[in-house]
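Below, chains carry the letters A, B, ... as their sequence lines are ordered, and counting in each starts from 1.
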2 protein chains.
Amino acid sequence: MAQNAKPKYSNVAYVILGFLAKSEEPLSGYDIKQWVDNSVRFFFAASFGQIYPELKKLENAGLIEGVANATGGRARTEYTISKAGHDELRAWLMQSETRLEMRDQGILRVFFSGDLGKAERLAKLKELRAARVESYETLQAVHAMTRETISQMPELVLDYGLGLHQYVIDWCDRAIKAVEDQ
Amino acid sequence: MAQNAKPKYSNVAYVILGFLAKSEEPLSGYDIKQWVDNSVRFFFAASFGQIYPELKKLENAGLIEGVANATGGRARTEYTISKAGHDELRAWLMQSETRLEMRDQGILRVFFSGDLGKAERLAKLKELRAARVESYETLQAVHAMTRETISQMPELVLDYGLGLHQYVIDWCDRAIKAVEDQ
DNA sequence: TCCTACATGTAACGAGTTACATGATTTC
DNA sequence: GAAATCATGTAACTCGTTACATGTAGGA
């Protein structure tokens, strides 16, 4: 369906454009970081070290517009997406790239845990499970908090994250059982 | 349970040590790359550009030992893990770090697809589903191929990958339905 | 003869994290 | 008065991919 000309901007740029397009009010870099942490973080994180330089770049390119809006002595620049920004976002959305990259240290350790004894292997699995339960609960809290403020697609995607974690937790339980019954 | 002194080597180093520990025969860099691509790739990829330099580093540190074993004029260096290597692997295995990083461009596009029309949104979801089905089938083929040669833990972990992809595919189906019924 | 697999490596680049630096405002 | 949160930014560093370079061996 879509073309795949290589994109001119980093993925973080499109995350920024995406949130600015979704938001009714203009957002600061700090706001965008909050949104990232409260929604896409589990499948696409972004740090301040990426966001702030990217905002400058997007502004220079005319895809977003920043307006200084300090509160007293506290600096704040609020950004709005431009027509050109919407076009660029749309072009990116239409691309067919669906690459999924994972770097999962927990499961990697489990994979190589043959070198450990049964007890240690079990402990590893329980550790992994606990970590994923923690993520699950964080996600769930965010989900509950933002349920009313977001529209259908993000809602579906948050469910995706929740379900994914639920699957991992269930797998841990099965693996623990399998090792125990060994 | 475990300590968390920061590890001296990159994750790729431990992947190398892990495969050398698991393997009965010595392995070349090329062999290790094959193993990575056929098992851990979906939750921990590694490229030649990482593997070869890391092999040198591990050899200099005495964690592995390389023996030249050319076939005619074709170069080949085969590596074996040393006692020190086993110890280092074990220390890494005992660490509690379970960090999971994902960068999922497909779901990111779906998340921001509110800017698109219903038809385009549906097409995006179907595209994502197709990509994940492809991964699933690759994994399944590998799984079938290696089922006999690997031991319990890797077997369980391959099931993990398969089930994870199955979950994602099922989610795509539900999301497609939700958008269609809208 | 040509293609695929075997085999090893380096260099350039891009992506991303972390630590650091600085300071204001609000809440307890 | 202290701590948390708001707010912006840079620099150093690590990590990882991709492209390039080079060549052999074996099978169609």
Stretch residues 62-70 of chain A: residues that reach within less than 4.0 Å of DNA chain D through a heavy atom: none
Protein-nucleotide distance (D37(A), atom CG; dC6(D), atom P), rounded to Å: 12 Å
Check: S113(A)/R121(A) side-chain N/O donor and acceptor closer than 3.5 Å: no
Rounded (10°) bend between the five-pair end axes of the helix from dT1(C)-dA28(D) to dC28(C)-dG1(D): 40°
OP1 or OP2 of dC6(C) under 4.0 Å from side-chain N/O of S28(B): no
Nearest-Å distance for atom pair OH/P, residues Y14(A) and dG14(C): 14 Å
Mutual orientation of the aromatic rings belonging to F112(B) and F19(A) [parallel < 30°, tilted 30-60°, perpendicular > 60°]: perpendicular
Touch class at under 4.0 angstrom, heavy-atom based, for K56(B) against every strand present: sugar-phosphate
Nucleotides 11-28 of chain D: protein proximity per nucleotide (B base, S sugar-phosphate only, - neither; heavy atom, under 4.0 Å): -----SBB-----BB---
Rounded distance (Å) that lies between atom C1' of dT17(C) and atom CD of E97(B): 13 Å
Length of the line joining R76(B):CZ and dC6(C):P, which is rounded to integer Å: 10 Å
K57(B) to Y9(B) six-membered ring, cation-pi geometry met (6.0 Å, 45°): no
N-O pairing of E78(B) and R76(B) below 4.0 Å: yes
N-O pairing of D170(B) and R174(B) below 4.0 Å: no
Residues E101(A), R103(A): salt bridge by 4.0 Å N-O rule: no
side-chain hydrogen bond (donor to acceptor under 3.5 Å, both in side chains) assessment of S10(B) paired with E54(B): CA-CA 8 Å; S10(B) 71; E54(B) 206 62 44; 3.3 Å; yes
Whole angstrom value for the distance that separates P of dT10(D) from NZ of K57(A): 14 Å
Plane angle bin for Y30(B) and F48(B) - parallel if under 30°, tilted between 30 and 60°, otherwise perpendicular: parallel
Separation of dT26(C) C1' from Y30(A) OH (nearest whole Å): 12 Å
Length of the line joining E78(A):CD and dC6(D):P, which is rounded to integer Å: 14 Å
R132(B) bridged to D104(B) by N-O distance under 4.0 Å: yes
Separation of dG16(C) C1' from K33(A) NZ (nearest whole Å): 11 Å
Ring geometry between H165(B) and F42(B) (parallel below 30°, tilted from 30 to 60°, perpendicular above 60°): perpendicular
Short N-O contact, K177(A) and D173(A), less than 4.0 angstrom: no
